[in-house]
Visitor: 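For reference, the structure I am asking about is given below.
We name chains A, B, ... by the order of the sequence lines, and we start the count at 1 in each one. None of these values were measured; they are calculated from a predicted model. Computation of the quantities below employed the complete heavy-atom set of this structure, encompassing side-chain atoms and omitting hydrogens, waters and symmetry-equivalent molecules.
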Protein chains: 2
Amino acid sequence: MTDRTMAAPAERKRGEGVKLVYDILRDDIIDLVLPPGSPIDEIQLAERLSMSRTPIREALVRLASEGLVTTLPNRSTVVSNIDFLNLHTFFDAITLMYRVTTRLAAEFHVPADLDVIRARQAAFAGAVEAHDALAMIATNRDFHAAIAEAGRNPYYTGLFCRLLDEGRRILRLYYSSFEDRLPQRYVAEHEEMIAAIAARDVEGADRLAKAHADQIVQQIQQLIARDRRQTLAL
Amino acid sequence: MTDRTMAAPAERKRGEGVKLVYDILRDDIIDLVLPPGSPIDEIQLAERLSMSRTPIREALVRLASEGLVTTLPNRSTVVSNIDFLNLHTFFDAITLMYRVTTRLAAEFHVPADLDVIRARQAAFAGAVEAHDALAMIATNRDFHAAIAEAGRNPYYTGLFCRLLDEGRRILRLYYSSFEDRLPQRYVAEHEEMIAAIAARDVEGADRLAKAHADQIVQQIQQLIARDRRQTLAL
DNA sequence: TGTATTTTATTTGTCGACAAGAAAAATCGC
DNA sequence: GCGATTTTTCTTGTCGACAAATAAAATACA
């Protein structure tokens, strides 16, 4: 559990309970504080958060709808596993979403959107500069989510954010310290995407987004391949 | 409320409560028995279904995650409105999903998938033959959902089904009786799509799916445009 | 009569308790 | 000692109650 759990019993108004639990659990799942497959005990959680089980259950329903936890009747809720056997579906979907959201941002953004996107990029660049892999993973997600929001199609934004979060979980499996070497070229690629979006170059944005997605997919595949080779070497 | 509400107090095992409420409400929302904007009263619902509010609240959380209801803290949950001002986002997303799911079905289907798809098409054709608009709307959704399942990408299937259900709600606004004249050409288009999928003609499937989506979009636009003209004539 | 304020009624969010179902531990039989 | 069965413990699903927040109704005032 995050430190936030200890702070949770602080003042909260009626009606804020479910969201508080949801936020805490969601962060913990994505940051692998709660690793895939781990059971979620309602009673323990209720004790730790000093609240009854009801809002916790409601938060779990919401998390289940987002695929972050898996529930079956009369059984413990568990943190959803990452489906490594079917990563191609994830790669396919996230590549498509990178493309359509970036296209739409080039087409529909307003000036304030660019401010947000640029602020997110600055945070991402800062994380890369600081060799902070965990912050990089989080700020990368936020950067692309801002692009999706600028594209103004809630269906795509919803799916894309879900996929980005799943990507965070996958990456978090492999980046577990502050010492990892982070690819600087992602910062440059983000800048190019921002320029294409600002210039309303829809096709350019699409092309850059696809190339960027391909890089990410390749990175994940290499991380997994490296992992598998270690296993076979045993 | 549907007739099913009256039958609901029949035997149900522990753990089946939430799903029962979810299914009932979902059907009622999509069939516009509960029209957009209408409030959902937990207490009334609990009385009618002879159960406590807890499972009802959990079902509502799930429905909220799927966009079918809208909740705010300390306020009545309401059935989500259809966002007519931003239908272009819906059209964009559903067209893309028609295409990618049909492509993937052409690529990844197995023989049993075709059996399901064909059965769904037979049901659809039967509904068209019977001039049963409501059944047509429902079976059309099921037909395309089966194609999406055959494509085996859960991310697309999830989004597509959500969009298809939203399409059902929109169409249900305009088809309210059994007397409407139904376009026979949709049956033929479905058959062509099945043939392309069976032949594993990915590009053909894509082309047919896009043309089909364009037809649906156009139909909805005409329905909406027709409605507006009547208003101005007063 | 219309508006502002107060009171009352209703609904929602959460609580703690009960009991069903599942998991773990203990016991039994070979 | 191992597997099957029984008992105990634990967790989940739901219950009904309480109280906060909201909505509706009533009252007061100009």
Visitor: Could you tell me how far apart Lys13(A) (NZ) and dG13(C) (P) are, to the nearest whole angstrom?
Guide: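 After rounding, the reported distance stands at 13 Å.
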Visitor: Tell me what Leu72(A) touches on the nucleic acid: a base, only sugar-phosphate, or nothing, going by heavy atoms under 4.0 Å.
Guide: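 Since only primed, P, OP1 and OP2 atoms lie under 4.0 Å of Leu72(A), the category is sugar-phosphate.
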Visitor: Do Leu25(A) and Val69(A) have side chains that get closer than 4.5 Å, going by heavy atoms?
Guide: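 Heavy-atom side-chain distance check fails, nothing below 4.5 Å.
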Visitor: It should be established whether Ser52(A) places a side-chain nitrogen or oxygen under 4.0 Å from OP1 or OP2 of nucleotide dC15(C).
Guide: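 Answer yes for this pair, as a side-chain N or O of Ser52(A) is under 4.0 Å from OP1 or OP2.
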Visitor: Starting at CZ of Arg57(B) and ending at C1' of dA17(D), how long is that distance when rounded to a whole Å?
Guide: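 To the nearest whole Å, that distance equals 15 Å.
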Visitor: What integer distance in Å separates Leu20(B):CG from dG13(D):P?
Guide: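 Atom-to-atom, Leu20(B) to dG13(D), this comes out as 15 Å.
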Visitor: Please find the pair of heavy atoms, one from Val79(A) and one from Pro35(A), that lie closest to each other, and give the distance.
Guide: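 Minimum heavy-atom separation between Val79(A) and Pro35(A): CB-O, 3.5 Å.
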Visitor: Which residue lies toward the 5' end of DNA chain D, Pro73(B) or Glu58(B), if each is placed at its nearest nucleotide?
Guide: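 Nearer the 5' end of the strand: Glu58(B).
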Visitor: Just checking, any donor-acceptor pair under 3.5 angstrom between side chains of Thr70(A) and Ser80(A)?
Guide: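 Checked: Thr70(A)/Ser80(A) side chains pair up, N/O donor to acceptor below 3.5 Å.
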Visitor: Using the side-chain hydrogen bond (donor to acceptor under 3.5 Å, both in side chains) definition, which of the options Thr157(A), Thr101(A), Asp113(A) pairs with Arg152(A)?
Guide: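 The side-chain hydrogen bond (donor to acceptor under 3.5 Å, both in side chains) with Arg152(A) is passed solely by Asp113(A) among Thr157(A), Thr101(A), Asp113(A).
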Visitor: Could you state the CG-P distance from Leu60(A) to dT11(D), rounded to the nearest angstrom?
Guide: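 Result: 15 Å.
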Visitor: What nitrogen or oxygen pairs link the protein and nucleotides 5-11 of chain C at under 3.5 Å?
Guide:
residue : atom : partner  : partner atom : Å
dT11(C) : OP1  : Asp41(B) : OD2          : 2.9

Visitor: Give a yes or no on whether a salt bridge exists between Lys19(A) and Asp23(A), defined as a side-chain N under 4.0 angstrom from a carboxylate O.
Guide: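 Salt bridge between Lys19(A) and Asp23(A), a charged N being under 4.0 Å from a carboxylate O: yes.
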Visitor: Where does the angle between the aromatic ring planes of Phe143(B) and Phe124(B) fall among parallel (under 30°), tilted (30 to 60°) and perpendicular (over 60°)?
Guide: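 Taking Phe124(B) first and then Phe143(B), their aromatic rings lie parallel (interplane angle under 30°).
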Visitor: Take atom CG of Asn74(B) and atom P of dA19(D), then tell me their distance rounded to the nearest Å.
Guide: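 Answer to the nearest Å: 16 Å.
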Visitor: Just do the side-chain contact (heavy atoms from CB on, under 4.5 Å) check on Ile29(A) and Arg169(A) with the steps written out, would you?
Guide: CA-CA 8 Å; Ile29(A) 290 167; Arg169(A) 282 224 289 162; 3.8 Å; yes
Visitor: Between Ala59(A) and Tyr22(A), which heavy-atom pair has the shortest distance, and what is it?
Guide: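 Heavy atoms only, the tightest pair is CB-N, 3.7 Å.
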Visitor: Please name the residue in the list Arg57(B), Arg62(B), Arg53(B) that meets the salt bridge (charged side-chain N to carboxylate O under 4.0 Å, His left out) test with Glu58(A).
Guide: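 Single pass found, and it is Arg57(B).
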Visitor: Using atom CZ of Arg53(A) as one end and atom P of dC18(C) as the other, report the distance to the nearest whole Å.
Guide: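 That distance rounds to 14 Å.
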Visitor: So which protein N/O to nucleotides 7-9 of chain D N/O distances come out below 3.5 Å?
Guide:
none

Visitor: How close or far is atom C1' of dT11(D) from atom CD of Glu47(A), stated in whole angstroms?
Guide: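 Rounded to whole Å, this separation is 12 Å.
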Visitor: Can you check the Leu49(B) CG to dT14(D) P distance for me, whole Å?
Guide: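 So the two atoms are 12 Å apart, to the nearest Å.
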